[in-house]
Amino acid sequence: MPRLPAPPDAPFHQFLTSAAFPVQQLESDLKASLSQAIHALFGAAVPAAQLTIQPTRKEFAGTFTLVTFPLTKALGKGPEQIGQALGEWLTANDARVSGYNVVKGFLNVEIADAEWLRQFSLLGQQPGVADKPQRVVVEYSSPNTNKPLHLGHLRNNFLGYSVAEILKATGATVSKVNLVNDRGIHICKSMLGYLRFGHAETPESAGIKGDHLIGKYYVLFERHYREEVAQLTAEGVDPKIAEKQAPLMQDAQQMLRQWEAGDEEVVSLWRRMNGWVYEGHNATYAAIGVDFDKFYYESDIYLLGKERVEEGLQKELFYRKDDGSAWVDLTADGLDEKILLRSDGTSVYITQDLGTAELKYQDFGYDSSIYVIADEQNYHMQVLKATLHKLGKPYAAGIQHLSYGMVDLPSGKMKTREGTVVDADELVREVIAAAKAATLEKGKTEGLTEAELESLYEMLGLGALKYYLLKVDPKKRMLFNPEESVRLEGDTGPFIQYSHARIASILRKAAEEGVVPDADHTGLSELHPTERDLIQELAGYSKVVAEAARTQSPAVVAQYAYDVAKAYNRFYTELPIFVEPDPARKAFRVALSAQTAQAIKASMALLGINVPERM
RNA sequence: GGUUGUGUAGCUCAACUGGAUAGAGCACCUGACUACGAAUCAGGAGGUUUAAGGUUCGACUCCUUACACGACCA
């Protein structure tokens, strides 16, 4: 079965290798040492790249683990024997290795405290990354202007924002764009609903947010339309025909034609109503803290793309059927034949997508263009990419579909017609209210002003919601449980925020006591295992960011932020800071706390989550 | 019907891309506030990774087949 051409190397892979982060350097140095050891001990040439090295599991001593099974054939020795010999050699010849242990075919390598302290001293200055910054466009949100945003949009918005921030953190130049679907039959439906049932009300007169007002008329249209269809069907009309013949649908179609013809009255109503929706959507964006560098409006670009089809026809890459419609044959790519223009010359969805891809390329000259779109469009996106590829467009290779799974409710799928759609504005209000209630109950916020409290509740409520939606692998369909989404214990946003607030409290106290955290700590004799674990966790930051960028998965960052917070909380309960008699060690622990706070703050920022100084 | 994704503890999710005894959170049980913030920490219990085959030193991961659920294309 023919497949799509293999995509070129992921454009972000260079971020993994182009800069040597201290821990990654350590890892590759270690591989080189191992390769050298194999040569010295066994006289065999095994390149460093061939060695499988992995982090040591928690229950064993050590940091890195070499799996020796794959070496047995080449070296003609048993796995344990190999491990012993290599471990001994490393300990004797590599100053950074302080010891080793062998369990079956696993050589666990222990790293010296001096090296950990060196790693610690380098934490603040991890370099920005790419040699040649990638130019990336991330398209996300892309709402219809006939209703307010819902839970599904929230996953989309949080993902898009976060992935953009993650890519920025790797040194890419990122533009966030929003392609607003502001025309078409669904828009006419809400307009018609408004004309028939709206009594000229406005967001001001009704006291309703603009997007919700329009949504109301869209729903009203649908309800009356269903009634008409039911009526016709009862009169014996075939249901499919009834759906087309219903007067409301006929009128909506007529309105769409008028809109396309530029009918002044229709267009001016459309402007007015869309204005209300934009205002409503923008208020939601501001409330949830996402932003865009550029808005595209479908009404401006829906005619684009026809030239691309013409181009393909001229080059004989596409073909016409007898009825005059234009098609592309993608069967060689494992896809189908796909219509690109109808026989009357009008566009289909893919037509304008071809045009927009080109437009975005003209505007941004991107190396890659990411579309944050639900996985129901997987096929469509494959077609888009393959078609552009067939046209020989250089930018086709950079097109990537960040495909994410739908959000389900405990009751099942969200369905507009069954009224089970979770409204974004309402949900945001609820999580903030829950955060407020919990904060008041804890009663630890005295001294904060009313305004500071309000912004704290928002921070915590949104922190809970964003973390909840982002911690799941984007590719996977997920279940939204309202009670769990506002939880603040365990693997949650507020848990991490709490850890930050507690560190902030430590740092305030340290400042009062005059402890200087940014001293040179390399003179410390020996590290406590818990301190070592924490340093190791902190040193992993840039690797995690690179991994998240490569896989376009904020979940990786969420997991990291949680791990850091957990490692710190353990450190916090196990080791006293201010009771510590040795001033050098006390200063070190304060410094460790400060670095942890930074790691938490930075990784949470990549998720679009702010962290408080107290809560 | 065709294509495709998913299936892991009671529930929600991980598992560094083929490595050690499959890990977290919630819920349940047991401990720790007179030390720096208990939105915390330590511990216990909980698994035939949907099923059956196969590949190999080694499989949640790769390959068959079946089952369940979802999406898309007609």
Side-chain angles (χ1 to χ4, degrees), chain A residues 1 27 52-60 65-73 78-79 102-108 334-338 374-383 403 405-406 408 410 412-413 435 438-439 441-445 460 463-464 467-468 471-473 475-481 483-485 487-510 512-513 515 530 540 543-544 547 550-551 555-556 558-560 562-563 565-566 568-580 586 589-590 593 612 614-615:
Chain A
M1 195 66 190
E27 188 173 332
T52 10
I53 224 171
Q54 61 193 24
T56 304
R57 295 182 71 109
K58 267 185 296 186
E59 61 262 40
F60 301 104
T65 295
L66 175 77
V67 187
T68 58
F69 291 111
L71 295 171
T72 52
K73 269 180 202 152
V102 175
V103 183
K104 292 188 278 186
F106 300 91
L107 166 61
N108 300 321
L335 303 169
D336 289 326
E337 296 177 34
K338 193 76 193 171
D375 60 11
E376 59 189 354
Q377 306 239 31
N378 283 355
Y379 182 77
H380 177 81
M381 289 302 297
Q382 275 187 303
V383 169
S403 166
M406 303 285 221
D408 287 326
K413 281 193 69 170
T439 305
E441 195 192 331
K442 303 282 177 191
K444 301 187 201 171
T445 51
L460 297 177
Y467 187 87
Y468 182 82
K471 75 174 177 178
V472 181
D473 181 348
K475 292 193 300 287
K476 294 195 177 170
R477 205 177 173 88
M478 70 173 289
L479 185 85
F480 181 84
N481 183 321
E483 286 153 34
E484 283 179 22
S485 70
R487 208 172 271 175
L488 24 79
E489 284 150 15
D491 186 7
T492 66
F495 167 91
I496 301 166
Q497 290 170 316
Y498 173 78
S499 305
H500 183 271
R502 203 160 60 166
I503 296 172
S505 162
I506 297 273
L507 297 179
R508 284 193 294 269
K509 180 161 179 176
E512 277 170 29
E513 291 198 5
V515 180
T530 307
K543 192 174 178 183
V544 163
E547 172 68 7
R550 190 178 67 78
T551 55
V556 173
Q559 182 66 45
Y560 175 76
Y562 178 60
D563 287 341
K566 260 202 315 190
Y568 183 82
N569 287 339
R570 180 183 197 129
F571 161 82
Y572 175 89
T573 42
E574 278 184 12
L575 303 174
I577 296 175
F578 294 106
V579 192
E580 167 61 40
K586 186 199 280 191
R589 288 185 180 158
V590 170
S593 301
R614 51 179 69 187
M615 64 187 269

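Reckoned from all heavy atoms, side chains included, excluding hydrogens, waters and symmetry mates. Protein chains get the first letters and strands the later ones, always in sequence-line order, with residue 1 at the start of each.
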Nearest listed nucleotide, side chain of A:Arg502, among B:A38, B:A24, B:C36: B:A38
Interatomic distance at C1', B:C57 relative to B:U48, whole Å: 23 Å
Sugar-phosphate only, base, or nothing, as touched by A:Glu489 at under 4.0 Å among non-hydrogen atoms: sugar-phosphate
hbond_proxy A:Asn569 side chain to B:A42 base (donor-acceptor, 3.5 Å cutoff): no
Watson-Crick/G-U partner (both atom distances under 3.5 Å) of B:C28: B:G44
Touch class at under 4.0 angstrom, heavy-atom based, for A:Ser499 against every strand present: nothing
Touch class at under 4.0 angstrom, heavy-atom based, for A:Ile503 against every strand present: nothing
Sugar-phosphate only, base, or nothing, as touched by A:Met478 at under 4.0 Å among non-hydrogen atoms: sugar-phosphate
Touch class at under 4.0 angstrom, heavy-atom based, for A:Arg614 against every strand present: base
Gap between atoms CG and P, on A:Leu66 and B:G19 respectively (whole Å): 14 Å
Sugar-phosphate only, base, or nothing, as touched by A:Leu479 at under 4.0 Å among non-hydrogen atoms: sugar-phosphate
Per-pair stack call A:Phe69 and B:G19, 5.5 Å, 30°: yes
A:Asp491 side chain, from C-beta outward: closest of B:G25, B:A35, B:A71: B:G25
Sugar-phosphate, base or nothing in reach of A:Thr52, heavy atoms under 4.0 Å: nothing
Side chain A:Thr573 and base B:A32 donor-acceptor under 3.5 Å: no
Closest to side chain of A:Val472, choosing from B:C13, B:U40, B:A20: B:C13
Length of the line joining A:Leu71:CG and B:G19:C1', which is rounded to integer Å: 13 Å
B:A15 to B:A59 separation - C1' atoms, rounded to the nearest Å: 13 Å
Phosphate-side-chain proximity, A:Arg570 and B:U40, N/O vs OP1/OP2 below 4.0 Å: no
Residue matched to B:A14 through Watson-Crick or wobble contacts both under 3.5 angstrom: none
Touch class at under 4.0 angstrom, heavy-atom based, for A:Pro79 against every strand present: nothing
Under 3.5 Å on both distances, the Watson-Crick or G-U partner of B:G58: none
Nearest-nucleotide comparison on RNA chain B, the residue closer to the 5′ end among A:Ile506 and A:Phe495: A:Ile506
Cation-aromatic face contact A:Lys509/A:Phe578, 6.0 Å, 45 degrees: yes
Out of B:U21, B:A14, B:A35, whichever nucleotide has its closest atom nearest the side chain of A:Asp473: B:A14
Rounded distance in Å - CZ (A:Arg57) to C1' (B:A15): 9 Å
Presence of A:Lys471 side-chain N/O under 4.0 Å of B:A14 phosphate oxygens OP1/OP2: no
Salt bridge present between A:Lys543 and A:Glu27 (N-O < 4.0 angstrom): yes
Touch class at under 4.0 angstrom, heavy-atom based, for A:Phe578 against every strand present: base
Partner nucleotide, any strand, of B:A22 [Watson-Crick/G-U, under 3.5 Å]: none
Rounded interatomic separation in angstrom, taking CE from A:Met381 and P from B:U4: 19 Å
Rounded distance (Å) that lies between atom P of B:A14 and atom NZ of A:Lys475: 9 Å
Any strand: nucleotide that pairs with B:U49 via Watson-Crick or wobble, under 3.5 Å: none
A:Arg550/A:Glu547 salt bridge by N-O under 4.0 Å criterion: yes
Pairing partner (Watson-Crick or G-U wobble, both distances under 3.5 angstrom) of B:C33: none
Selected nucleotide, minimal atom distance to A:Gln54 side chain, candidates B:A24, B:G37, B:G19: B:G19
Touch class at under 4.0 angstrom, heavy-atom based, for A:Lys509 against every strand present: sugar-phosphate
Any A:Tyr572 side-chain N or O less than 4.0 Å from OP1/OP2 of B:A38: yes
Exercise: do A:Tyr468 and A:Thr492 side chains pair donor with acceptor under 3.5 Å: no
Touch class at under 4.0 angstrom, heavy-atom based, for A:Tyr562 against every strand present: sugar-phosphate
Sugar-phosphate only, base, or nothing, as touched by A:Asp336 at under 4.0 Å among non-hydrogen atoms: sugar-phosphate
A:Tyr379 side-chain proximity, nearest of B:A35, B:U17, B:C73: B:C73
Under 4.0 angstrom between A:Lys476 side-chain N/O and B:G7 OP1 or OP2: yes
Whole angstrom value for the distance that separates P of B:C26 from OH of A:Tyr467: 12 Å
Centroid under 5.5 Å and tilt under 30°, A:Phe106 to B:A20: yes
B:C57 phosphate, OP1 or OP2, under 4.0 Å from A:Lys104 side-chain N/O: no
Under 3.5 Å side-chain donor-acceptor pair for A:Glu574 and A:Thr530: yes
Rounded distance in Å - CG (A:Leu575) to C1' (B:A35): 13 Å
Sugar-phosphate only, base, or nothing, as touched by A:Asp563 at under 4.0 Å among non-hydrogen atoms: nothing
Identity of whatever pairs with B:U3 - Watson-Crick or G-U, under 3.5 angstrom: B:A71
Side chains of A:Asn108 and A:Arg57, donor plus acceptor under 3.5 Å: no
Residue-phosphate contact under 4.0 Å: A:Ser505 side-chain N/O, B:C36 OP1/OP2: no
Pair A:Asp375 + A:Lys475, salt bridge at N-O below 4.0 Å: no
Distance flag, aromatic centroids of A:Tyr568 and A:Phe571, threshold under 6.0 Å: yes
Closest nucleotide among B:C36, B:A20, B:C72 to the A:Glu376 side chain: B:C72
Donor-acceptor contact below 3.5 Å, side chain A:Lys104 vs main chain A:Pro79: no
Gap between atoms CD and C1', on A:Glu484 and B:A27 respectively (whole Å): 10 Å
